[in-house]
Amino acid sequence: MPNKNKLLLVDGNSVAFRAFFALYQSLSRFKNSSGLHTNAIYAFHNMMGNIMDKEQPTHVLVAFDAGKTTFRHETFEEYKAGRSKTPSEFKEQMPYIREMCLALGIQYYELENYEADDIIGTLAKHVSKEEFDVVVLSGDKDLTQLADDHIRVEVTVKGVSELESYTPEHIREKYGLEPMQIVDMKGLAGDSSDNLPGVTGIGEKTAITLLKEYGSVEGVYDHIDEMKKSKRKENLINDKENALMSKELATINIEAPITITVDDLKYEGKDTEKLVALYKEMDFKTFLSKLDTGDYHDVSDELEEIIYEVVTEPTADMFEPGMSVYLEMLEDNYHLADIIGVTWGNEGKRYVAIGDEILSHEAMITWLEDDTLTKATYDAKAHIVALNRYGIQVKGVTFDSLLAAYLLDTNDKSEDLAEVAYHYDYKAIETDEKIYGKGAKRGVPEDEILTDHLARKVATLNYLAPVLKAHLAEKNQEKLFYDMELPLSFVLAKMEIQGIRVNAQTLMTMQQEFAVILTEIESRIYEMAGEEFNINSPKQLGVILFEKMQLPVIKKTKTGYSTAVDVLEQLKDQAPIVEEILHYRQIAKIQSTYVEGLLKVINPNDNKIHTRYVQTLTQTGRLSSVDPNLQNIPIRLEEGRKIRQAFIPREEGWEIFSSDYSQIELRVLADISQDEHLRQAFIEDQDIHTSTAMRVFDIANPDDVDGNIRRQAKAVNFGVVYGISDYGLSQNLGITRKEAKDFIDTYFEKYPGVKTYMKEIVREAKEQGYVETLWHRRRYLPDINSRNFNVRSFAERTAINTPIQGSAADILKLAMIEIDQRLEKEQLQATMLLQVHDELVFEAPSEEIPALEALVKDVMENIGTFSVPLKADSSFGPTWYEAK
DNA sequence: CATCTCACG
DNA sequence: ACGTACGTGAGATGT
C-alpha cells in the first residue's frame, strides 16, 4: 500500500533510564547553570533524534509509567521489589524529559495503574494492520513479545545509537522461540529485574529447551507426568504457582483502558520555540546552533569580548618569556598543512597574525629559536615539524597542554582545545568544528572570526597551563611529563622530520610481480567457484562458500558469515578454493596496503616517508604511527617481509641498524610481580618460553621441550600478559577450554608471584578506579566495578595488562631520549628513524656501526633499575629487511 | 561512515 | 550463564 502510515511507540521510562546510564560517565560534566544534571535529557534527545531520522514515522507516542503501583501489584506485592533505588540525579531529569518530548512535537501519555508497556501493547495491537506499520523503541526486552508481521521492536544495545531489531524472525533465530513464547520463558526462568520468581533452578537456556518441546508454561504442566523423575521435575511441580504468576505478570496487557487514539498521535514537526527555550535552559549549545534559528548568536555573544592585537610587523618587545604560542593548521598532517594563522601572548598581551607571512620576520624567528625565552604550546611536536619547513628551529618549549591533558586522563582524548578547556571548566572558546566547519564545508573563515578564535586559543592556553601543572603535581606525574613525554616529543619531531628513505623502484617491481600473481589466483578462484565475483567482498565470498558450495558455517558476524582466516583455515581441507582465497587475501593485502599504500606517501622531494607519531592516543602509553603507519610493516610471512627491502639508508655506504628489547613485557612482569621463578629465569638468561614449558609441563631437561610444547608455553606467556582467560587461550591454541584452564591453573601454581600480582592489581583498580605504570602513567578503568560480567571482565584484564604494556612503553621512551642525547654528545652521524614498540631503527655510516651498537645496547639495557636484567639484541644491513 | 579483515608489537 | 585474549592503523566494500 502506498504511503502506509508508521507508528512509533517509545517506552519512555526505560529509554530514559538507558540514556542516563549511557552518559553516566559524563554525569558530572552534564550540568546546566542551575545545577540540574542533564546527561539523560541530552542522551534521550539524541536517541529520539536518531530513531525519528531512521524511521521517519507519521505518528509518534512516548508512553511513561504512571506511578509506583499498578494492577500487577495486586497480583504480586513484591513486583519490581528489590530494585536498587533510582538515583536522584536521574529522577530530577524526568520532568524535563517529558517536556523535551513536547518540544520535539511528540505526545506523551501515562495511565494510572498501568505501565508504559501496556499502553504500547494496547496501541500496537489495536491499530489497523492495513494502515500502520508499528515500531516500538525500548530499553529492555520485555516488549519483544509484541513482535509480529507489522510490529518491530527496537531495543537499545549500548550507547545512544546502537539498536537491536526484534522481528519474529530475529526472535526465532536468537531464542528458537515465537514472540508469544517470550512470556512463557519469563514464566519459567523468572526475571530478576522485575523480581519475577519463575521456577527454581531454571534459567533462560533450560526454559528455551522446555518450551521447544512443550510450547508454553501450560504445555509443560500438561505433560509434567511424562517427565522422568528429577530435581528439575520436582522444582517445576513445587513452583507451579510461581511459574503461572510470573507468566501472567510478564504478559503485556493489550486491553488497557487508554483514552487516546492513534489519530491523536500524528507527528507534525518540532515546536521550535519550545525547543529553543528548553535548549537554553539546559545549556545545550550545540543543539541550539544546529537549530539555526538565529538564536545561537545570543549564546555566542555571551562569550566576553577578547582583547588582542593583529600583527603584521612584529617587534622584539612583543615577545616575552613564558608566553603561549599556537599555530593554526586545518589539516592534521602537519608535514604538509598550510599555516593559516599564528598567535602568541600572555595574560597581559595577546597577538594574532593571519597566514604564515609573520614567520619570515626576524623578531618572530629569534624568539622562537631562543632557548631562554620559554614558551608553552598545544602539540609542540606539530609546531616543531611545521616550523622546520620554514627553516625555524623551535627551542625553549617548557610546557605543552595537549601532552599534559593526555597524561592526566587518557580517556579524554579530544584533540580539540575547546573541549579540553571545557573539561577544566574554561568556557570562553568555541570548538574548531564550530569555527571552521567540517567535511566539505571546512575552510578558513573571515579574518575577524579567525583572529578572535586564535586570540581565544592563546588565552585558553594561558589559563590551562597552571591548572594542568597543578593536576600533574597532584597525581605525581611531573617526572613523567617533564622528564619523559615532553623531551620525547622533541625526539619524535626530529625522527618525523628526518623520515626514512624508501626505494620506490623496489616497490614498483613488486607491484608488477604481485599483479601477475593476483590475476592468476583470481582466475583459478573464478573457475573453482564457477562464476566471477569480488573476492575482496566478505559478503559475496560468503555467498559463494556457504551457500553455493555449502561449506559448513563456523562463525557468523553481525551482518553475515565470517570469512576470517581462522575460519578459512578450518575449511581448507574441504575445498581447494579456500587455500587459494587465503593466498589471494595475503597477496592482496600486501599489494594494496603496503606496496601501493607506501608508494602513495613517498615524498618526491626527498624520496622519504615521513610518518607522524601520535603521542596522545593510546590508553597504555604506547605511541601510534599514522600516515602511514610504519609500526605494522610485514615481517611474519616472507612474502610480506620483502616490503622491508624497500626501506634503505639515506646515503650510499650507510646501513640500517635495528635494536629490539628481548621479552620486555615479561621482564617487566617479572619485576613488578617479583615472582621469584620468573625473575630467576631472566637472571639466568634462559629462553623464557622453554623455561615456562619446563615448569608448567614438569619437564626436567630443556632438550625435552619440543617445538609444540614451547609454542603452547609461549601462548600461555602471552596470555599472562594480556590478562589470561581460559577461553582466549583455548582459541589461540585450538584446545578445549578445560585444557586451557588446566594450563592456567598449573601456571599460577608454578608462578605464585604472578598470581598474586594479578589479584592485587585488580583489587587496587577496584579500589582506586585506576592503575599506574612504573612511571605513574595512569589509566582510569570506569568499568572495573560494572555489574555486567563482560564489561567488568574486560576492565579486569585491562588492569592486568596496562601496567605491563605501559611500563614497557615507558622504558623504551626513556631509552629514546637518552640515545638521542648520547648520539649528539658523541657527535655520531647515526640517526634514529623509527620506533616500533620494542624496537628502534637507525641509519648510520658503516664505520659508525660498532660505536652505535655499543651505545644503543648500553642505553637500552641500563635504563632504570630493575630486579631483572633488560636485554637488547641488534642487527644491521643494507635494508630494513636484513636488519632483523 | 560502519563493518570486516588483516598487518604489527 | 555470561562470551573474551592486550594495544594499534588502514584498505575495501557497501549502506
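We name chains A, B, ... by the order of the sequence lines, and we start the count at 1 in each one. This one's a predicted model, so the numbers in the text were calculated from it and none came from an experiment.
Looking at heavy-atom distances under 4.0 Å, A:Ala799 makes no contact with the nucleic acid at all. Contacts of A:Leu729 with the nucleic acid, taken as non-hydrogen atoms under 4.0 Å apart, include base atoms. Counting non-hydrogen atoms under 4.0 angstrom, A:Asn534 reaches the backbone sugars and phosphates but no base. A:Arg636 comes within contact range of at least one nucleobase, with a heavy-atom separation under 4.0 Å. Heavy atoms of A:Arg792 sit nowhere under 4.0 angstrom from any nucleic acid atom. Within the nucleic acid shown, A:Asn788 has no heavy atom closer than 4.0 Å to any nucleic acid atom. Contact annotation for A:Gly203: no contact, since no heavy-atom pair falls under 4.0 Å across all strands. Using a 4.0 Å heavy-atom criterion, one finds that A:Tyr727 contacts the bases of the nucleic acid, with or without backbone contacts as well. Contacts of A:Asp838 with the nucleic acid, taken as non-hydrogen atoms under 4.0 Å apart, involve only primed sugar atoms and P, OP1 or OP2.
Note that the OG atom of A:Ser786 and the CG atom of A:Leu781 stand 12.0 Å from one another [nearest 0.5 Å].
Contact check, A:Arg797 against C:dT4: no side-chain N or O comes under 4.0 Å of OP1 or OP2. Close to C:dG7, at under 4.0 Å from its OP1 or OP2, lies no side-chain N or O of A:Thr802. Residue A:Thr563 places no side-chain N or O under 4.0 Å from the OP1 or OP2 atom of B:dC4. Under 4.0 angstrom from either OP1 or OP2 of B:dC6 there lies no side-chain N or O belonging to A:Thr593. Applying the 4.0 Å criterion to OP1 and OP2 of C:dT15, one finds that A:Lys539 has a side-chain N or O inside that range. Taking 4.0 angstrom as the limit, A:Asn632 places none of its side-chain polar atoms (N or O) nearer than this to OP1 or OP2 of B:dG9. The side chain of A:Gln540 places an N or O atom within less than 4.0 Å of a non-bridging phosphate oxygen (OP1 or OP2) of C:dG14. The side chain of A:Ser624 contributes an N or O atom lying less than 4.0 Å from OP1 or OP2 of C:dG9. A close approach under 4.0 Å does not occur between any side-chain nitrogen or oxygen of A:Ser793 and OP1 or OP2 of C:dT4.
The CG atom of A:Asp332 sits 12 Å away from the P atom of C:dG9 (whole-angstrom rounding). Taking atom CZ on A:Arg779 and atom C1' on C:dC6, their separation rounds to 9 Å, with Å as the unit. Atom NZ in A:Lys558 sits about 16 Å away from atom P in C:dT15, given to the nearest Å. Straight-line distance from the CG atom of A:Asp726 to the C1' atom of C:dA5: 11 Å, rounded to whole Å. Atom pair A:Asn536:CG and B:dT3:P shows a separation of 20 Å (rounding to whole Å applied).
Across the P atoms, B:dC6 and C:dA5 are found 15 Å apart, a figure rounded to whole Å. Rounded to a whole angstrom, the distance from the P atom of B:dT3 to that of C:dT4 is 15 Å.
Annotation: cation-pi geometry satisfied between A:Arg612 and A:Tyr334 (NZ/CZ under 6.0 angstrom from ring centroid, within 45° of ring axis). Taking the ring centre of A:Tyr727 as origin, the terminal cationic atom of A:Arg737 falls outside the region bounded by 6.0 Å and 45° from the ring axis.
Taking the charged nitrogens against the carboxylate oxygens, A:Glu485 and A:Arg777 do have a contact shorter than 4.0 Å, which makes a salt bridge.
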